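These numbers come from a predicted model, not from an experiment. Here is how names work: the chains are called A, B, and so on, in the same order as the sequence lines, proteins then strands, and each is numbered from 1.
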Amino acid sequence: MKVKLEKRTVVALKVSVILAILLAIFYLAELFGLGPLSILEAGLLAMTPLALAAVGEVLNEKTGLVNIGLEGILLMSAVLGVVGAEFVWNGYFGLLTGVIVGAIVGLVFGLLSVYGKADQVIAGIGINVFALGFVPYLFIVSWRSPGIRVLPSDLYVAPFQTPLIRVHIVTIIAVVVALLAYYMVNRTPLGLRIRAAGEKPDALDVAGVSVNRTRLMMAIVGGALCGLGGAFMSLGWFGSAVKEISAGRGFIALACVVFSGLDPLLALLAALIFGFAEGFSVSIQITPGVKEVIPFYFIQMIPYITTLVLITVAIGKRRFPKESGKPYRRE
Amino acid sequence: MNLSAKSEPITQSFFAIVIGLFIGAILMAAFGYNPIYAYAMLLYGAFGGVPEIMETLAFAVPVMLTGLTFAVGVRAGLFNIGAEGQMYLGALGAVIVGGALNFPPGLHLVFTTLMSAFMGVLWAVIPALLKISRGVHEVVSTIMFNWIGFWLVIYLVVYQFAEPGRAERSLPVLPSARYGVLLEGSTLTTIIFVAVALCLLFYFILWGTKMGYELRVMGANPDAAKYAGIKPWRTTLLAFILGGIAAGLAGGSQVMGRPPAWSLYATLGNVVGLGFDGLSVALIGRNHPIGVIFASIFLGALSQGSRTMQYYAGVYFELVRAISGIIILALSVPEALAIFRRWRKK
């Protein structure tokens, strides 16, 4: 009983910290003469890839896998998403390509970690370094360009207009996915298996469920969600791809996961904060009167500084699955 | 310990390199290039003659240093992937003391070198302190510092230390703060001796001193280390400081010891990526300072040879980094070689 209460307090504290930060951002935005609606619009767009990557990683980490290759998945799916979209000449197919690319990378990571008993941090680093080299190579072989591709306007998957702001379909998918993940983890038999794979794999094994297969499945799901986030960046948000398009977002998503303590809804909220920090920095860059006072270079740092501050002050003891990062060996 | 057990890690590295080159060949063939011709050109470009070997070694210097950064971290059980940002700061440090200040010859070179190491340490110590005081995971914090460092250094190069009339790069370091070129026409300078000496020094610290021993115990078995009274904050701080020195010098080496620029480009184009290459170097070198020396020559050969490969075979040089990624993935699986042997027996 006592434990439960403590957890609730921690969650309440985290939520209030988030609300306070959001209010502060809105207040600052008012100072710079920006409407809260424009910040909201930019913030939701920036939130989307982070939320998808973070929720996928939460599922991953619940089963005991830690994939720090999110950055590489975002980068590869963003660029391959454009390749796929141009191949079939359909933006939605590009998003699907991103999902498939993410799932494949997740599968490779899962196979190496689960059956190869890999050091998961090293494997994640391998994915990131591979992406750093493969993506520029891909730019050259597909477009003869050293690292920038503007999306043909037919292929842009545009957000739709609501009475207040423009919202992107992928943003809605991200929110739904986070809600579904929360429900699945806490309320369904599959969720029980996922949690058991991370906490007590031998018990799961005894119950006749394959630990390895559960982990592999979530590695693929996590990769696929991250891949959707990556493809969204180029096809639904920027409308172009550059070879540094992920710009550290994979690691910011990891920070969201750390902050969330593996709760998909808190991961979504954390992504919202980082999204707002980024949306804010994008908006003030183009605001007259700001450009002259604060150099562009410092505005670029805002998302990274926000990340550092948030994970430094993150309240509560982060409790991760006992078997996190360890391969399962049957005794 | 018999000889075969000792050589096993080296065999594993070779196995991983073979896998990396093989998948690299598939990626070349998939887009219509001839991998055999490409690799032949790469080999020729890296070792075809004395000038080529000199360039290979010149490429090896910075990644030898950033490789040390990651290696010493892993030895302490830490994943310091912040060599990239620490290197930017180190390069800036070299520009500040070597380009903007003036000291007597001899002293100038020493001060510039020390400053670049110091700036690297400065950027490494903050994530270390965050880890010690708040438990912030170093993988996330060092990446954030890489990006903050990226924008900070670009800002300073453009606004504070730009070469007058040439906005695309920083002030070049003065001749008194430059390492001597070893062979006329090559870009290899005497700074390679500094890099190798640092590897030997790290080897001595890790295997010859008490604090190095503590650091390795913490990495190998943290529970045993804590039981033995070894303080985690000390080993963490030490690993980050040593790593910062190496990464800072890596950045400095591209300014003080790499013609023709002798300066830092405003895009950071002459240093970007060298920190991440260090990850491959450290892992191929089995996180051992002496192994790092050999692994850096391998990666230097890839980097130098890839330029020839691009010129003759058309394969874009960045593919080399994808090959590094595959090598890291292969090395992440400790039993890869054993699995392969079992599979072959069948």
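Annotation: the span from L279(B) atom CG to I125(A) atom CD1 amounts to 5.5 Å, rounded to 0.5 Å. The distance from the OG atom of S141(B) to the OH atom of Y304(A) is 15.0 Å, given to the nearest 0.5 Å. A distance of 5.0 Å separates CZ in F130(A) from CG in L27(B), rounded to the nearest 0.5 Å. Annotation: the span from I328(B) atom CD1 to I122(A) atom CD1 amounts to 8.0 Å, rounded to 0.5 Å. Atom CH2 of W147(B) sits about 9.5 Å away from atom CD1 of I252(A), to the nearest 0.5 Å.
The backbone N or O of L132(A) sits nowhere less than 3.5 Å from a side-chain atom of R321(B) that would complete a donor-acceptor pair.
Between F276(B) and N128(A), the closest side-chain pair of non-hydrogen atoms is not below 4.5 Å. Considering only heavy atoms from C-beta on, L152(B) comes within 4.5 Å of M301(A) through its side chain.
Of the atoms belonging to L138(A), it is side-chain heavy atoms, and not backbone ones, that fall under 4.5 Å from chain B. Heavy atoms of F79(B) lying under 4.5 Å from chain A belong exclusively to its side chain. When heavy atoms are compared at a cutoff of 4.5 Å, I68(A) approaches chain B solely by way of its side chain, counted from C-beta outward. Contact of I327(B) with chain A is not made at all, since no heavy-atom distance falls under 4.5 Å. Neither the backbone nor the side chain of A131(A) has a heavy atom closer than 4.5 Å to any heavy atom of chain B. With a 4.5 Å cut-off on non-hydrogen atoms, T307(A) touches chain B through its side chain but not through its backbone. Neither the backbone nor the side chain of V320(B) has a heavy atom closer than 4.5 Å to any heavy atom of chain A. Within the 4.5 angstrom heavy-atom criterion, only side-chain atoms of I143(B), from C-beta onward, approach chain A. Residue contact with chain A, scored on non-hydrogen atoms closer than 4.5 Å, involves the side chain of L283(B) exclusively. The part of Y159(B) that comes within reach of chain A is its side chain, from C-beta onward, which places non-hydrogen atoms under 4.5 angstrom from that chain. Only the side chain of I140(A) comes within contact range of chain B, with at least one heavy atom under 4.5 Å from a heavy atom of that chain.
In terms of heavy-atom proximity, S280(B) sits nearest to V129(A) at OG-CG1, 4.4 Å. In this structure, Y297(A) and I154(B) approach most closely via the heavy-atom pair CE2-CG2, 3.3 Å. Of all heavy-atom pairs spanning G116(A) and P334(B), the tightest one is O-CD, 4.0 Å. The two residues Y155(B) and P295(A) have their closest heavy-atom pair at CE1-CG, 3.6 Å.
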**Q.** Residues L329(B), F109(A); criterion side chain to side chain contact (heavy atoms under 4.5 Å, CB included); working and verdict
**A.** CA-CA 9 Å; L329(B) 280 171; F109(A) 172 80; over 6 Å; no
Q: Give the intermediate values and the outcome of side chain to side chain contact (heavy atoms under 4.5 Å, CB included) for residues F298(A) and W151(B).
A: CA-CA 7 Å; F298(A) 289 103; W151(B) 293 112; over 6 Å; no
**Q.** Worked verdict on F251(A) versus M144(B) for side chain to side chain contact (heavy atoms under 4.5 Å, CB included)
**A.** CA-CA 8 Å; F251(A) 291 94; M144(B) 295 305 124; 3.8 Å; yes
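Ring pair Y137(A)/Y33(B) is tilted by interplanar angle, where 30° to 60° counts as tilted.
Counting heavy-atom pairs under 4.5 Å between each of S113(A), A255(A), A123(A) and chain B puts A123(A) at the top. The choice from G248(A), P303(A), G250(A) that makes the most heavy-atom pairs within less than 4.5 Å of chain B is G248(A). Taking chain B as the reference chain and counting heavy-atom pairs below 4.5 Å, the highest number among G124(A), G69(A), P146(A), P136(A) is found for P136(A).
In this structure, Y115(A) places its OH atom where more than 12 heavy-atom neighbours from other residues, nucleotides or ligands lie under 6.0 Å away.
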